[in-house]
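Source: prediction; values computed, not measured. A, B, ... follow the sequence lines: proteins, then strands. Residue 1 opens every chain.
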Amino acid sequence: MGGWAIAVHGGAGVDPNLPHERQEEAKQLLTRCLNLGISALRSSLSAIDVVELVVRELESDPLFNSGRGSALTGKGTVEMEASIMDGSGRRCGAVSGLTMVKNPVSLARLVMDKSPHSYLAFSGAEEFGRQQGLEMVDNSYFITEDNVEMLKLAKEANTIMYDYRIPTVGLDTCSAVVESPLQMNGLPISVYAPE
Amino acid sequence: TVGCVVVDSEGRCAAATSTGGLMNKMTGRIGDSPLIGAGTYACDLCGVSCTGEGEAIIRGTLSRDVAAVMEYKGLGLQEAVDYVIQERLDEGKAGLIAVSRNGEVAYGFNCVGMFRGCATENGFMEVGIWE
């Protein structure tokens, strides 16, 4: 046996002009989550419990795009989704279209452990979360000033784009909306801006 | 999007991913994160969590492919991650993190940066953003 190991991520596709203090903030959050997971592993928590514990921490911090601080829909609302999978027995649970569940990953875990299904979405998922006694909050809890600003810019640029940065137009990175002839599923590739 | 992958001291792997999706997305849009085999996968060999262009990750069944090339091509964890990032994304941009039952940790991405952190029982620990 090779011992325990853990990895966390907060999203791919980072604006190269991200201010230094934001970079430090992100590193501190990632370090805090790693340490949370490491002490859980040292206390012999199982892998499935540790991934849920760490993702809950990431959902509760507004820095990354999940839970509080989620990207906004074109209507200015939040619709969250999550999934979890246990390699032992390949059990899994997933949820989509959540608007009030404080920690979506915990609802995905309940779908895996307490429901006969592997994926619940929208009102059915929220109803199940309520039945299971999960903490529910108003949709406004998930909306941050930064993201309201971001949505405004996305609308002005008439595009779908990064969840946590305002690409400097013309910057040749995958954060900017680079007009590319490339198509995917019949749409310009720039529509599929990285999350 | 956020994610975590873990292998515990008994060699059991797990993965979890959570997201708000894309800024200015259509209501009702479902991305890769909740799709098992696309944004999230775990089996007895490894655990994987992906982030980036959801539609590209879905079309490439990215997380399952890491496990598949380990299983069928006998690749090691980092080789499998590199192979999938290079060969499965077409023009899409994405990143992923992975652990193996042998206590290894790996990550890969083909765009500008990925917020990530990793640690192993033998004391290795790294937190990074850029290449």
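Side-chain contact between B:M26 and A:T73: absent, with no pair of heavy atoms (C-beta onward) separated by less than 4.5 Å. Side-chain contact between B:V6 and A:L41 is present, with at least one heavy-atom pair separated by less than 4.5 Å. Counting only heavy atoms from C-beta outward, the side chains of A:Y119 and B:I30 approach each other to under 4.5 Å. Under the 4.5 Å side-chain criterion, counting only non-hydrogen atoms from C-beta, A:H9 is in contact with B:T1. Residues A:N35 and B:M125 have side chains in contact (heavy-atom distance under 4.5 Å, counting atoms from C-beta outward). The side-chain heavy atoms of A:L30 and B:R116, taken from C-beta on, include no pair separated by under 4.5 Å. In this structure, A:L18 and B:F115 have side chains that are in contact, with non-hydrogen atoms separated by less than 4.5 Å. Taking the side chain as every heavy atom from C-beta outward, A:V55 and B:T17 never approach each other to under 4.5 Å.
At least one donor-acceptor pair closer than 3.5 Å links the side chain of A:S83 to the backbone N or O of B:S33. Side-chain N or O atoms of B:D8 include none that pairs as donor or acceptor with a backbone N or O of A:S46 at under 3.5 Å. Side chain of A:E79 to main chain of B:G28: a donor-acceptor pair is present (N/O by atom type, distance under 3.5 Å, no hydrogens or angles). Within the 3.5 Å criterion, the main-chain N or O of B:G21 finds no donor-acceptor partner in the side chain of A:E81.
Counting non-hydrogen atoms of neighbouring residues, nucleotides and ligands closer than 6.0 angstrom, the CD atom of A:E145 reaches no more than 12 such neighbours. For A:R130, the CZ atom sits in a packed shell: over 12 heavy atoms of surrounding residues, nucleotides or ligands are nearer than 6.0 Å.
There is no contact between B:C46 and chain A, counting heavy-atom distances below 4.5 Å. In this structure, the portion of A:I38 lying under 4.5 Å from any heavy atom of chain B is its side chain and not its backbone. If you measure heavy-atom distances from B:V99 to chain A, the contacts under 4.5 Å come from the side chain alone. Using a 4.5 Å cut-off between heavy atoms, A:L45 touches chain B through its backbone atoms (N, CA, C, O) alone.
Of the listed residues (A:G74, A:A94, A:G97), the greatest number of heavy-atom pairs within a distance under 4.5 Å of chain B belongs to A:G74. With chain A as the partner, the residue from B:A42, B:G103, B:A94, B:C50 showing the most heavy-atom pairs under 4.5 Å is B:A42. Note: A:G87 leads A:S118, A:G87, A:A121 in heavy-atom pairs under 4.5 Å with chain B. Chosen from B:G47, B:A119, B:G95, the residue pairing most often with chain A at heavy-atom distances under 4.5 Å is B:A119. Comparing A:N103, A:I84, A:V51 by heavy-atom pairs within less than 4.5 Å of chain B, the highest count is held by A:V51.
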- Message: Applying side-chain contact (heavy atoms from CB on, under 4.5 Å) to A:L72 and B:M23, what does each step give before you reach the verdict?
- Response: CA-CA 5 Å; A:L72 305 181; B:M23 189 62 77; 4.0 Å; yes

